[in-house]
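Following: one structure in structure tokens, then a few remarks.
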Number of protein chains: 2
Amino acid sequence: MAGRVSKPGATVVSRTVALLSAFDEAHPHLTLTELARRADLPLSTAHRLIAELTRLGALARTDSGEYVVGPRMWDVGLLAPVQTDVREVASPFLHDLYAATLATVHLAVLDGTRALYIDRISGKRSVPVVSKIGSRLPWHATGVGKVLMAHAPEDVRKRALSSPLRRITPYTITQPSRLQDQLERILVDGYATTVEEMSLGACSVAVPIRRRDEVVAALGIVVPNLRRDKGRLVAALNVAAHGIGRSLGHQTRPRLTRLPVRR
Amino acid sequence: MAGRVSKPGATVVSRTVALLSAFDEAHPHLTLTELARRADLPLSTAHRLIAELTRLGALARTDSGEYVVGPRMWDVGLLAPVQTDVREVASPFLHDLYAATLATVHLAVLDGTRALYIDRISGKRSVPVVSKIGSRLPWHATGVGKVLMAHAPEDVRKRALSSPLRRITPYTITQPSRLQDQLERILVDGYATTVEEMSLGACSVAVPIRRRDEVVAALGIVVPNLRRDKGRLVAALNVAAHGIGRSLGHQTRPRLTRLPVRR
DNA sequence: CGTAGACTTCCACTGGACGGAAGGACGTAG
DNA sequence: CTACGTCCTTCCGTCCAGTGGAAGTCTACG
């Protein structure tokens with residue numbers, strides 16, 4: 001390219017992607033300076049690239065002058081085959097579950113050692129929860145995360161148990177040995193639970209979804225407490241999870257071999 | 001840049017965006033050659049850029065060698081503030097409507113002269129419909145489209161009525177005068193209907209959603225026929241639409257002034 | 001009114017981007 | 001088996017698009 005390049009080897013494409021990826025859930029809008037810093041680009045370079053991205057609709061500007069991801073990226077992003085098959089097939093079942101319980105319902109897959117929420121239904125009367133579609137939450141503090149980890153390949157599980165387990169609430173379990181026990185228990189019981197481990201006042205139950213024999217996703221539900229109706233919830237979850245699994249069994253269409261790789 | 005440039009003025013950024021935008025609903029996966037052609041780039045240039053985008057996770061490759069939008073773009077796209085406020089607020093109401101009717105429920109906004117579907121709920125037992133989230137369908141053949149156009153500014157409506165109205169089924173209305181009459185009728189009645197105008201065997205009813213007095217979106221429902229329960233559906237839709245409108249009234253947070261601009 | 005912080009514009013230098021060409025890999029028709 | 005077509009991949013000489021420091025603008029604040 002030119003002049004005094006600060007970072008030889010950085011291509012325009014990588015800079016462009018870096019700018020787009022600078023946004024995340026905690027930072028859905030950024031100022032020019034923040035964007036430049038997060039993408040690790042000189043201000044004037046960032047300014048030029050951002051101006052063009054904005055002109056093209058890949059970024060947009062709010063009234064206040066901050067930048068946000070543009071409508072064009074929304075269009076494009078929706079076309080990514082991120083578990084489209086599971087999501088599409090599961091959708092009606094999620095609605096049924098929601099209708100039956102009026103609690104927040106989650107569909108998640110494993111992404112590295114975190115639970116990636118690929119769908120969510122939440123009502124006016126549901127317990128408030130932190131997850132959104134696209135959120136990634138720690139596996140050890142969520143019902144779906146524990147289920148997915150319990151059924152994960154051994155190396156993944158080993159790595160997950162040996163990496164630091166952040167305490168999120170006073171009830172978050174951070175001892176690897178206790179989690180190890182829980183994971184074994186989950187395989188026996190067929191479901192996982194959390195009790196205020198992710199957020200206070202929220203408990204969850206989750207079960208695996210299987211395509212043939214392989215666990216491909218997890219289905220979870222968030223409620224204020226588990227005392228009364230854990231059994232009823234597990235039953236409802238299992239009905240839905242089996243239904244989804246059965247529907248998944250049939251179809252065969254072009255799809256990625258592996259899970260999307262982490263950044 | 002260099003050598004013999006075929007298209008002086010085309011920047012790397014614009015080429016990158018062109019490649020990403022080459023995908024659409026009808027073409028969610030493309031071969032290298034198709035991508036190059038659709039983005040209007042020389043094959044080798046496209047190849048180089050695509051290879052890097054793939055390396056960065058902005059694109060991905062299927063088993064068969066075709067390219068698809070990458071998981072990274074999914075992450076980014078979800079952060080675009082495409083009517084996030086309306087969508088978030090409306091979500092629980094859509095579920096209620098779905099639970100009450102078990103029919104496909106739609107939330108749409110006007111995008112140029114088409115209806116952009118920003119949310120959708122569809123069950124196992126619903127009438128099959130063509131729309132997906134992110135779909136853009138012609139205004140004159142959809143319930144939500146007619147509602148939005150009836151309440152659109154005069155210049156938009158004029159332009160819509162004077163542009164070609166494609167026949168989609170034998171029942172699609174393509175005479176501007178008849179549509180004009182319908183639009184006036186919609187303002188009086190407070191709802192719009194379609195009868196197999198978009199797809200055979202599917203009818204729809206739709207009502208406007210208002211923030212204060214301004215129509216910001218439309219809520220629609222798709223059913224096999226309207227004879228029996230049009231009144232009941234309109235009532236249910238209005239309850240939900242008013243609820244959404246009321247909830248929208250309150251909030252104030254950073255948001256784009258205008259609708260996302262078309263490509 | 002000076003200082004600070006964020007944004008915008010300018011422009012001379014140069015190395016990253018360009019793309020034609022050539023070389024594989026695969027399928028299929030003769 | 002050879003020839004041809006289609007698609008993908010790699011190579012490399014040319015050169016202009018991209019770079020980023022510097023200077024200018026615009027608010028906001030004390």
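What you are looking at is a predicted structure, and each value in this text was computed from that prediction instead of being measured. Lettering follows sequence order; numbering is per chain, from 1.
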With sequence neighbours excluded, residues passing side-chain contact (heavy atoms from CB on, under 4.5 Å) with A:Pro92: B:Lys124

B:Asp111 bridged to B:Arg136 by N-O distance under 4.0 Å: yes

Heavy-atom closest pair, residues B:Leu248 and B:Arg211: O-NH1, 3.7 Å

Nearest-Å distance for atom pair CG/C1', residues A:Leu32 and C:dG5: 12 Å

Closest contact, heavy atoms only, A:Ala160 versus A:Leu165: O-CD2, 3.9 Å

Spacing of B:His29 atom NE2 relative to D:dC7 atom P, expressed in whole Å: 17 Å

Enumerate, atom names and distances included, each donor-acceptor pair closer than 3.5 Å involving a side-chain atom of residues 35-44 of chain A, sequence neighbours excluded.
{"from": "A:Arg38", "atom 1": "NE", "to": "A:Ala22", "atom 2": "O", "distance (Å)": "2.8"}
{"from": "A:Arg38", "atom 1": "NH1", "to": "A:His27", "atom 2": "ND1", "distance (Å)": "3.4"}
{"from": "A:Arg38", "atom 1": "NH2", "to": "A:Ala22", "atom 2": "O", "distance (Å)": "2.9"}
{"from": "A:Arg38", "atom 1": "NH2", "to": "A:Asp24", "atom 2": "OD2", "distance (Å)": "3.0"}
{"from": "A:Asp40", "atom 1": "OD2", "to": "A:Lys7", "atom 2": "NZ", "distance (Å)": "2.8"}

Contacts under 3.5 Å, N or O only, protein and nucleotides 25-27 of chain C:
none

Distance, rounded to the nearest Å, where B:Leu30 contributes CG and D:dC7 contributes C1': 15 Å

side-chain contact (heavy atoms from CB on, under 4.5 Å) partners of A:Lys158, counting only residues at least two apart: A:Glu154

Non-neighbouring partners of A:Arg55 that pass salt bridge (charged side-chain N to carboxylate O under 4.0 Å, His left out), sequence neighbours left out: A:Glu52

Length of the CD1-C1' vector between A:Ile50 and C:dT9, whole Å: 15 Å

Members of residues 41-48 of chain A that approach DNA chain C, where some heavy atom sits under 4.0 Å away: A:Leu43, A:Ser44, A:His47

Under 3.5 Å: donor-acceptor pair, side chain of B:Thr172, backbone of B:Thr169: yes

Atom of A:Pro208, atom of A:Ala241 and distance for their closest heavy-atom approach: O-CB, 3.5 Å

Protein-nucleotide distance (B:Arg38, atom CZ; D:dC7, atom P), rounded to Å: 15 Å

Separation of atom CG in A:Leu35 from atom P in C:dA6, rounded to whole Å: 13 Å

Along DNA chain C (nearest heavy atom to each residue), the more 5'-positioned of A:Val13 and A:Thr33: A:Thr33

Nearest-Å distance for atom pair OH/P, residues B:Tyr67 and D:dC7: 14 Å

Nearest-angstrom distance from the residue atom CD of A:Glu52 to P of D:dA17: 12 Å

